[in-house]
Amino acid sequence: MTTIEAARTLTVPPALHVDLGRCPETAGRARHLADEFLRGLEPVVQQEAIDAVLLVVSELVTNAVRHAGGPSCSLHLSACPEAIAVAVSDASHLLPQPRTPDVLGEGGGFGWSMVCQMADAVAVTDEAGGKTVSALIPRHRSDMRMEARATVVSRCYAPHSTTTWTP
């Protein structure tokens with residue numbers, strides 16, 4: 001009797017991890033890196049999804065720079081066929097808080113609600129050195145069922161597998 005072993009191939013989803021500084025240009029740099037990452041993916045990501053990811057990256061990095069303190073923040077992107085996972089880590093343990101938008105001045109207040117609207121799921125993970133705010137953006141706009149989201153999260157966002165996602 002002969003035993004034949006099949007070769008096993010582990011396919012790791014494409015990912016980008018970069019430590020960013022903490023200066024006014026940080027959000028712009030993060031958007032540029034995210035755009036390059038997204039445009040290099042196969043299959044091609046729809047422009048609507050690219051726009052959503054870039055907006056979420058911009059908002060999360062801007063919030064980390066403005067509110068978190070610490071010397072820097074980091075950006076992690078990972079891709080699977082169904083979605084793009086965005087995560088921004090910073091040195092603060094304070095959770096993002098929705099605020100009443102300042103429509104008359106430059107007080108902000110729009111970012112967190114926009115992130116929650118653009119993403120199919122969001123999560124905040126408390127960690128030893130601060131927190132990670134994560135968002136899951138679908139590659140194609142469709143009504144992803146709740147049970148499908150859990151599968152996508154497990155395939156697309158392994159780095160924070162203990163994260164509790166909120167749809």
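If you read the sequence from its start, that first residue is 1, and numbering goes on from there.
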Review point. Any side-chain heavy atom of S72 sitting closer than 4.5 Å to one from L20?
Key: no
**Study point:** Stepwise side-chain contact (heavy atoms from CB on, under 4.5 Å) check, V18 with R29
**Key:** CA-CA 10 Å; V18 61; R29 179 172 174 241; 3.8 Å; yes
**Study point:** Residue pair I50, Q47: steps toward the side-chain contact (heavy atoms from CB on, under 4.5 Å) verdict
**Key:** CA-CA 5 Å; I50 290 173; Q47 186 61 47; 4.0 Å; yes
Practice item. Examine distances only and state if a side-chain atom of R22 and a backbone atom of V65 form a donor-acceptor pair shorter than 3.5 Å. Key: yes
**Study point:** L95 and its side chain to side chain contact (heavy atoms under 4.5 Å, CB included) partner, picked from V133, D126, V124
**Key:** V124
Point to revise | CG on L38 to CG on L77, rounded to 0.5 Å | key: 6.5 Å
Exercise for review: With rounding to the nearest 0.5 Å, note down the distance linking CG in D51 to CD in Q46.
Suggested key: 11.0 Å
Review point. Can you name the nearest heavy-atom pair linking A64 to D90, along with the distance?
Key: CB-OD2, 3.7 Å
Review point. Looking at CE of M114 and CG of L55, how far apart are the two atoms once the value is rounded to the nearest 0.5 Å?
Key: 5.0 Å
Review point. Judged by modelled atom types alone, do E59 and N63 share a side-chain donor-acceptor pair under 3.5 Å?
Key: no
Practice item. Of all the heavy-atom pairs spanning V56 and A135, show the shortest one and how long it is. Key: CG1-CB, 3.8 Å
Practice item. Could you tell me whether a side-chain N or O of T132 sits under 3.5 Å from a main-chain N or O of T125, the two making a donor and an acceptor? Key: no
Exercise for review: Work out which heavy atom in P14 is nearest to a heavy atom in F37; give both atom names and the distance.
Suggested key: O-CZ, 3.7 Å
Review point. Are V45 and V53 side-chain neighbours, meaning at least one heavy-atom pair lies under 4.5 Å?
Key: no
**Study point:** From OG1 (T26) to CG (L75), nearest 0.5 Å
**Key:** 11.0 Å
**Study point:** Single hit among L136, V86, V115 for side chain to side chain contact (heavy atoms under 4.5 Å, CB included) with V122
**Key:** V115
Review point. Of all heavy-atom pairs between S58 and A27, which one has the smallest distance, and what is that distance?
Key: O-CB, 4.2 Å
Review point. Is there a side-chain contact between L41 and R139, using heavy atoms and a 4.5 Å cut-off?
Key: yes
Check your understanding: Where the side chain of K131 meets the backbone of L94, is there a donor-acceptor pair that is under 3.5 Å apart?
Key -> yes
